[in-house]
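Below: one structure, written as structure tokens.
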Amino acid sequence: MDDITRDVVVIGAGAAGLTAANDLRKAGLSVVVLEARDRVGGRLWTDVIDGAMLELGGQWVSPDQTALIDTVADLGLSTYSRYREGDSVYVGADGEAKRFTGEMFPVAPETEKVIDEITARLDAMVAEIDPDKPWEHPQAAEWDKISWDAWLREQTDDDEAVRNLAFATGSAMLTKPTHTFSLLQSLLMAASAGSYSHLVDADFILDKRVTGGLQQVPELLAERLGDDVLLNQPVRRIIWGDESAPSDRPAAADTGRRVDDLRALTARVEAAASSSSGVTVIADGVTVRARFAVLALAPVLYSRISFEPPLPRLQHQMHQHISMGFVIKVHAVYDRPFWREQGLSGTAFSPYELCHEAYDNTNHGDERGTLVGFVSDQNADDLFRLSPEERKERILDSLARYYGPEAKNPEVYYESDWGTEEWTRGAYAASFDLGGLQRYGADLRRPVGAIHLACSDMAGAGYQHVDGAIRQGHRAADEILERTRG
């Protein structure tokens with residue numbers, strides 16, 4: 001096993017980790033990035049499946065994502081607009097597909113009025129939220145105790161209005177059932193995009209794509225680091241704090257000794273948390289000794305690492321209140337974008353359909369047509385109880401209700417299932433359960449001793465997006481540089 005020394009060891013070669021590593025390298029510090037996978041990118045992954053280039057993970061760039069836009073420009077990448085010419089399609093409670101233009105779904109006038117009124121109310125609430133500190137709002141505790149679904153149903157008894165308002169932050173973004181997360185968590189999701197109206201506007205939030213795929217961002221960032229990015233190196237242990245303190249003691253012979261051992265361990269954890277004496281990171285093929293570490297992976301993966309001493313009790317408690325959502329990203333490639341011939345943009349929505357939303361995802365310059373659809377939360381769980389053949393049939397049937405029977409016969413079909421990814425375990429990102437954001441949010445990004453934390457799951461602006469990952473990478477690097485100057 002190789003044994004190397006660096007100023008900083010970064011764990012995770014996604015956008016956050018690679019951004020932090022590049023910032024630190026530019027500032028003159030030596031770095032190494034350890035990545036468990038055989039590729040860089042984390043939840044960004046562009047691959048060729050049966051001859052079709054597919055973006056299996058994140059892919060869109062919106063106008064508010066300035067950190068991502070700046071990085072894309074710095075790397076010399078180009079973007080193109082998502083196809084959106086023509087009518088969109090909405091399927092209501094009656095199962096009928098209706099064409100429409102604009103942002104408002106073709107619902108009954110009274111339902112439209114309710115949606116408008118509650119959207120305005122939400123925009124006003126979101127305007128009061130600092131996405132980097134939502135727990136500081138005077139009503140944060142109150143808003144974190146009520147579920148998103150329950151709050152909406154307090155506003156109106158119009159079920160179709162509730163379903164359409166709820167799915168923007170539920171099925172579409174947090175990818176969890178709307179009764180499982182709080183109003184505050186939903187407001188954070190909206191505030192991260194600037195407003196609730198931005199979040200529900202597909203033409204805003206899904207504005208552009210990177211020519212050739214968004215995974216090029218981490219790939220090019222990794223190229224700048226060269227041999228200091230090590231793949232296939234899952235981290236197994238992190239020894240942090242004062243290494244001179246004993247980490248292993250003989251089994252205690254009596255209760256008094258066991259209590260003494262527990263007190264000693266607690267004291268060691270507390271001392272390590274306020275220490276900057278460095279870290280030793282042990283991966284499968286390398287041991288790295290460094291002054292600082294950046295954990296640039298989702299908090300749900302921290303438990304895959306053995307920390308010596310253990311992380312403080314606050315982290316143990318906090319991470320039990322964070323979980324990933326779950327969504328199936330469906331890719332269907334056809335010989336041509338046939339929906340355009342019908343005057344359709346490819347944009348489709350329904351809170352009643354298995355695929356709650358779908359879009360024209362045709363690659364720049366490709367003669368073939370690609371649709372991308374999404375199945376999330378409970379629906380995604382239920383589908384994976386079926387055979388692959390039945391699952392495919394159910395999904396294509398849902399797409400056909402938007403686009404017609406031709407949607408049932410793609411040349412290429414693929415389901416991105418991030419729930420089975422060992423080093424991801426869900427999608428799109430992690431969020432708190434009821435009450436968790438107000439209780440623990442302020443501690444989510446706080447360094448632990450010499451260990452700093454960064455990923456899109458803990459972002460404010462850009463939360464759950466590549467933009468947020470880049471922002472968090474910059475923040476972690478700035479924290480370390482500040483400590484080196486001090």
Side-chain angles (χ1 to χ4, degrees), residues 15-16 43-44 57-72 79 81-82 84 102-105 115-116 118-137 140 143 148 151-152 164-176 178 181-210 214 217 325 327 347 349 356-357 359 374 376 427-432 437 441 444-445 455-472 474-475:
R43 283 166 267 181
L44 298 182
Q59 64 174 79
W60 282 294
V61 183
S62 62
D64 62 311
Q65 295 176 349
T66 54
L68 174 57
I69 291 170
D70 290 346
T71 300
V72 166
T79 61
S81 296
R82 177 177 62 85
R84 61 195 74 177
E103 297 178 21
M104 178 56 70
F105 302 142
I115 292 174
D116 277 340
I118 297 178
T119 296
R121 200 172 309 157
L122 287 166
D123 279 341
M125 295 165 72
V126 169
E128 299 176 355
I129 293 284
D130 180 346
D132 289 315
K133 301 175 182 178
W135 48 85
E136 290 188 355
H137 191 279
W143 290 348
W148 176 222
W151 183 84
L152 286 171
N164 278 301
L165 288 159
F167 97 92
T169 55
S171 299
M173 293 307 309
L174 297 175
T175 63
K176 293 179 175 179
T178 55
F181 61 89
S182 72
L183 168 63
L184 184 65
Q185 186 79 62
S186 186
L187 294 175
L188 165 60
M189 189 71 250
S192 73
S195 70
Y196 182 80
S197 291
H198 280 169
L199 200 65
V200 300
D201 181 358
D203 287 349
F204 181 88
I205 202 73
L206 310 179
D207 182 29
K208 295 183 183 298
R209 295 176 61 192
V210 170
L214 193 54
V217 167
V327 64
T347 300
F349 299 99
H356 61 266
E357 58 183 324
Y359 303 94
F374 299 89
S376 70
Y428 305 106
S431 56
F432 281 102
L437 180 57
L444 190 58
R445 301 187 287 261
C455 69
S456 63
D457 309 67
M458 55 186 61
Y463 172 51
Q464 296 207 358
H465 290 90
V466 186
D467 179 78
I470 292 171
R471 291 174 189 269
Q472 292 305 301
H474 288 315
R475 176 193 53 76

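Rounding to the nearest 0.5 Å places CG of Asp467 at 8.0 Å from OG1 of Thr71. Atom NZ of Lys208 and atom CG of Leu214 lie 14.0 Å apart (nearest 0.5 Å). With rounding to the nearest 0.5 Å, the separation of CD in Glu103 from CG in Asp201 is 4.0 Å. Here the CG-CD1 distance, from Asp123 to Ile118, works out to 12.5 Å after rounding to the nearest 0.5 Å.
Contact between Leu444 and Asp457 at its shortest, heavy atoms only, is CD2-O, 4.2 Å. Lys176 and Ser431 get closest at one heavy-atom pair: NZ-OG, 2.9 Å. Residues Leu122 and Trp148 approach most closely at CD1-CH2, 3.7 Å, considering heavy atoms.
Two residues are said to be in side-chain contact when any heavy atoms from C-beta on lie closer than 4.5 Å; Ser192 and Gln464 fail this criterion. Looking at heavy atoms from C-beta onward, Pro134 lies out of side-chain contact with Leu187 at the 4.5 angstrom threshold. At least one side-chain heavy atom of Tyr463 sits less than 4.5 Å from a side-chain heavy atom of Leu174. Looking at heavy atoms from C-beta onward, Ser182 lies out of side-chain contact with Trp143 at the 4.5 angstrom threshold.
Using bins of under 30°, 30° to 60° and over 60° for the plane-to-plane angle, the ring pair Phe105/Phe349 lands in the tilted bin. Using cut-offs of 30° and 60° on the angle between ring planes, the pair Phe167 and His356 is perpendicular.
Using modelled atom types, one finds a donor on one side chain and an acceptor on the other under 3.5 Å when comparing Gln65 with Ser62. No side-chain donor-acceptor contact under 3.5 Å links Thr175 and Ser376.
Side chain of Arg43 to main chain of Ala427: no donor-acceptor pair is present (N/O by atom type, distance under 3.5 Å, no hydrogens or angles).
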